Undergrad: 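What follows is a structure written as structure tokens; I'll ask about it next.
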Amino acid sequence: MRSRGQNFADLLLGPENYVDALLTGISRRPGTGDLVRKVADLSNVDGYAIFDRQGNEVFRSKSERYEWLLRDRPGGVSTGDKLGSSVVSRPGFWQVVYDDGQTNPSVIMPLIRDGRTIGFLSVDADMAAERYHYQATLARTYTFVVLVVLAATLVPFVLYVLRRRKIAEADARIRFLADHDPLTQLLNRRRMQEACDQLLFKIRATREEIAYLYVDLDDLAEINDRCGQARGDEILRIVGRRIATSLGDEDLVARIGPDDFAVVRRRVGDRAEIDGLARRLSAAVGEAVDLDGHVVKPKISIGCAIAPDHGRSHSELVKHAEIAHFHHKGAHQLPLVFFEPSMDEAMHRRRQIEAQIKRAVENGGFELFYQPLVRGRDGTLVGFEALVRLRDEKGNLISPGEFVPIAEARGYIKAIGSWVIREATRQIAEWPEPLFVSVNLSAVQFVDGDLVEIIRSALKAAGIQGNRLEVEVVESLLLERSTAILDQLYALKQLGISIDMDDFGTGYSSLGYLWRFPFDKLKIDQSFMKALENGEPNVKEIVATIVALAHQMKMKVTTEGVETEDQARFLASLGCDQLQGFFFGKPLPAAETVETFLVGYRRTDRFGDGARSAAVRRIA
């Protein structure tokens with residue numbers, strides 16, 4: 001408004017001296033007032049007034065009071081208004097703007113020419129457009145400022161909230177992973193120990209009993225080898241879920257090892273309750289699982305320790321429940337096995353044997369004993385079965401029935417089996433032809449697919465042909481129905497090696513596999529000889545049938561466990577090809593085998609001819 005008033009004053013004071021015409025009412029040029037009025041209209045000056053030096057109004061472009069009557073007169077009007085003395089007396093140049101925010105604003109200022117005030121000018125301007133523009137600009141600016149403030153505060157706040165939420169979720173995830181097993185989502189060993197310690201602390205006051213169940217998933221390594229690691233992990237997840245759904249709300253369950261779970265039950269009433277829980281767990285876990293065509297029936301072993309009777313600390317409960325579970329592995333007809341103090345000694349013995357096995361694998365501490373095999377019809381020595389033996393720290397022999405299951409459970413069987421093959425082939429190479437040596441193969445030795453190469457290398461190192469080696473496999477291997485196993489058996493046969501089915505007649509469906517696999521020989525299990533000695537009915541007929549069946553299928557027959565001359569003569573009468581048992585000799589170390597059976601050996605000797613031991617027997 002000040003700028004607009006100043007521009008209008010500059011027009012009046014300009015070279016044309018429009019102000020003089022308005023002050024005096026005398027114009028040198030006609031139409032001066034109309035010209036000034038047009039300029040004012042173009043400048044959005046709604047009205048203006050001229051006052052003389054004393055502040056008396058001398059010209060007004062229009063009358064506000066009588067606007068309805070006078071409108072804009074070409075010569076202007078004079079309303080008789082007068083400026084106040086305080087305004088007239090103000091020295092120098094000044095401007096006073098009046099704006100009530102409703103009507104058009106006005107500005108009043110002195111008209112100064114050559115440093116002397118010649119009058120005063122009052123200008124009313126139409127500022128509606130400017131006012132609207134200002135208000136709109138102010139509103140936009142305010143809105144923008146508000147948005148900027150919101151963006152500067154709300155966006156960081158939202159980001160802060162989102163970050164806090166992510167941090168909280170990450171913290172919750174970290175806490176979950178710290179307390180749970182990532183595979184099965186069950187409690188982990190550390191969290192189970194903490195919870196168990198709290199319960200053990202409470203029962204000191206409450207006197208209640210709690211049951212700690214050690215649950216082991218049997219044969220997980222075999223499942224991994226047969227179906228793959230991914231399917232093995234899926235089996236673990238399924239087993240963990242089945243265990244968890246079989247428990248009560250107050251029971252605790254955790255995964256405490258690769259294939260081990262723990263269950264804690266509070267306020268135990270009696271052992272029958274725990275028996276029922278174990279039966280439910282076994283039934284739930286044992287349901288068949290179909291994983292992409294691989295059907296697996298999980299099986300668990302359960303050992304139980306009761307607190308406080310079997311331990312007052314978590315470590316004691318775990319130790320004793322684990323010991324009990326090892327005993328359950330050999331007694332699956334029971335739902336579970338409860339810990340007994342005598343079991344601790346057995347577990348100590350097991351750990352000693354395990355340590356001895358480990359040392360023997362690392363340092364070559366195993367031995368091979370050799371038991372003779374003779375021809376059934378005349379007792380001629382034809383070969384030996386190599387049997388692995390292990391001695392304890394005092395030099396006493398450990399029973400194979402004791403250390404072999406431990407070696408299988410701890411994954412040493414392949415290393416032991418490979419050593420047996422190398423040592424047996426090396427030894428038979430030093431003994432006369434055509435004697436052969438027979439070794440037992442475990443299913444584990446077929447898993448990696450390198451068995452054929454191991455045997456081929458052993459034969460090459462010993463410098464012998466494949467016909468001097470026989471390998472014995474058990475029926476459990478055949479239950480795999482694996483093409484890979486069948487291919488390896490055929491490859492061994494290509495090397496000239498005899499393939500024997502061991503323990504025939506004790507499996508589930510041996511007859512169904514005879515035509516599937518390239519067997520050269522059947523070994524009748526020694527249990528038949530024990531049954532024959534005990535006089536059980538139909539044993540002779542069954543043995544005769546097995547011998548006849550094998551001969552019909554072009555297979556030889558070896559019978560194990562022959563301990564009496566009557567047994568030997570009976571088997572010879574059936575045409576049994578080879579005999580083996582204590583009647584002909586016990587397993588002996590290599591040096592004693594040479595001295596007992598091979599000194600003076602001739603290929604045509606009947607068994608015992610030329611041998612220097614008076615203990616040997618002959619049949620003829």
Side-chain angles (χ1 to χ4, degrees), residues 183 189 214-229 232-233 235-236 239 255-262 296 298-303 305 315 318-332 337 339 343-369 386-394 396-423 439-451 454 473-474 476-477 480:
L183 181 63
R189 187 183 186 92
Y214 192 101
V215 182
D216 176 72
L217 176 60
D218 297 339
D219 303 325
L220 178 61
E222 182 180 346
I223 294 173
N224 287 336
D225 293 336
R226 180 158 56 95
C227 304
Q229 183 69 44
D233 289 345
I235 289 293
L236 282 172
V239 169
R255 183 187 178 205
I256 59 173
D259 54 358
D260 304 319
F261 300 86
V296 177
K299 186 170 62 174
I300 55 177
S301 302
I302 306 175
S315 59
V318 174
K319 173 185 174 182
H320 294 158
E322 184 178 10
I323 291 173
H325 118 270
F326 279 120
H327 284 74
H328 188 226
K329 282 183 176 292
H332 266 112
V337 170
F339 172 77
M343 296 178 181
D344 207 357
E345 298 179 3
M347 179 54 62
H348 180 67
R349 169 68 174 171
R350 179 185 177 90
R351 292 196 178 98
Q352 285 182 324
I353 294 175
E354 183 178 340
Q356 192 68 28
I357 292 172
K358 183 178 180 181
R359 286 193 295 268
V361 169
E362 295 173 350
N363 304 317
F366 290 100
E367 298 179 55
L368 283 186
F369 279 32
L387 302 170
V388 65
R389 295 291 185 263
L390 177 67
R391 298 183 185 273
D392 59 20
E393 296 178 349
K394 297 180 179 179
N396 299 319
L397 288 174
I398 302 173
S399 169
E402 193 174 11
F403 76 80
V404 170
I406 298 175
E408 289 178 342
R410 294 306 178 189
Y412 294 117
I413 283 297
K414 181 177 180 180
I416 297 173
S418 298
W419 176 84
V420 169
I421 292 170
R422 292 192 297 269
E423 177 62 19
V439 298
N440 292 278
L441 295 183
S442 167
V444 177
Q445 294 174 264
F446 287 85
V447 171
D448 295 334
D450 56 355
L451 176 63
I454 290 173
V473 296
V474 294
S476 62
L477 173 70
E480 300 287 341

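This is a predicted model, so every value here is computed, not measured. Computed over heavy atoms, backbone and side chain alike; hydrogens, waters and symmetry mates excluded.
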Undergrad: For V239 versus P298, what's the shortest heavy-atom pair and its separation?
TA: CG2-CB, 4.0 Å
Undergrad: Please round to the nearest 0.5 Å and tell me the distance separating atom CD1 of I421 and atom CG of L441.
TA: 5.5 Å
Undergrad: Using side-chain heavy atoms (C-beta onward) and a distance below 4.5 Å, is I406 in contact with R350?
TA: yes
Undergrad: Rounded to the nearest 0.5 Å, what separation is found between the CD atom of Q356 and the CD1 atom of I398?
TA: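 The CD atom of Q356 sits 5.5 Å away from the CD1 atom of I398.
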Undergrad: Distance from F403 atom CZ to F366 atom CZ, nearest 0.5 Å?
TA: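 One gets 6.0 Å once the value is rounded to the nearest 0.5 Å.
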Undergrad: For the pair F369 and L397, evaluate side-chain contact (heavy atoms from CB on, under 4.5 Å) and give the outcome as yes or no after the intermediate values.
TA: CA-CA 11 Å; F369 279 32; L397 288 174; 4.0 Å; yes
Undergrad: Any idea which heavy atoms bring P405 and P400 closest together, and the distance?
TA: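 Here P405 and P400 meet closest at CD-O, 3.7 Å.
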Undergrad: Can a donor-acceptor pair be found, under 3.5 Å and without considering hydrogens, that links the side chain of N363 to the backbone of G365?
TA: no
Undergrad: Judged by atom type as modelled, is there a donor-acceptor pair below 3.5 Å linking the side chain of R255 to the main-chain atoms of G257?
TA: yes
Undergrad: Would you please test D448 and K414 for side-chain contact (heavy atoms from CB on, under 4.5 Å) and show each step?
TA: CA-CA 10 Å; D448 295 334; K414 181 177 180 180; 2.5 Å; yes
Undergrad: Please assess V337 against M343 for the test side-chain contact (heavy atoms from CB on, under 4.5 Å), listing each intermediate value before the final yes or no.
TA: CA-CA 11 Å; V337 170; M343 296 178 181; 3.3 Å; yes
Undergrad: When rounded to the nearest 0.5 angstrom, what is the spacing between CD1 in I256 and CG in D216?
TA: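 Rounded to the nearest 0.5 Å, the CD1-CG separation comes out at 9.5 Å.
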Undergrad: Output the distance between atom CG (L390) and atom CG (N396), rounded to the nearest 0.5 Å.
TA: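 Reported value, rounded in 0.5 Å steps: 11.5 Å.
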Undergrad: Identify the two heavy atoms, one from L368 and one from E423, that lie closest to each other, and give their separation to 0.1 Å.
TA: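 Heavy-atom minimum between the residues: CD1-CG, 3.5 Å.
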Undergrad: Looking only at the side chains, is there a donor atom on one of D218 and S301 sitting less than 3.5 Å from an acceptor on the other?
TA: yes
Undergrad: Checking ring-ring contact (aromatic ring centres under 6.0 Å, His included) between Y214 and each of H320, H325, H328, which is the one that passes?
TA: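 Exactly one candidate clears the test, H325.
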Undergrad: So D219 and D259, side-chain contact (heavy atoms from CB on, under 4.5 Å) or not? Walk me through it.
TA: CA-CA 9 Å; D219 303 325; D259 54 358; over 6 Å; no
Undergrad: Sort and list the pairs that fulfil salt bridge (charged side-chain N to carboxylate O under 4.0 Å, His left out) and have at least one residue in residues 355-364, not counting sequence neighbours.
TA: R359-E393
Undergrad: First locate atom CG of L183, then atom CG of L236, and finally report the distance between them rounded to the nearest 0.5 Å.
TA: 5.5 Å
Undergrad: Whether D260 and R189 form a salt bridge (side-chain N of Lys/Arg under 4.0 Å from carboxylate O of Asp/Glu) is what I want to check.
TA: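 No.
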Undergrad: Tell me the closest heavy-atom pair linking A305 and A321, and the distance in Å.
TA: CB-N, 3.8 Å
Undergrad: Examine distances only and state if a side-chain atom of H327 and a backbone atom of I323 form a donor-acceptor pair shorter than 3.5 Å.
TA: yes
Undergrad: Identify the two heavy atoms, one from I357 and one from A407, that lie closest to each other, and give their separation to 0.1 Å.
TA: CD1-N, 3.9 Å
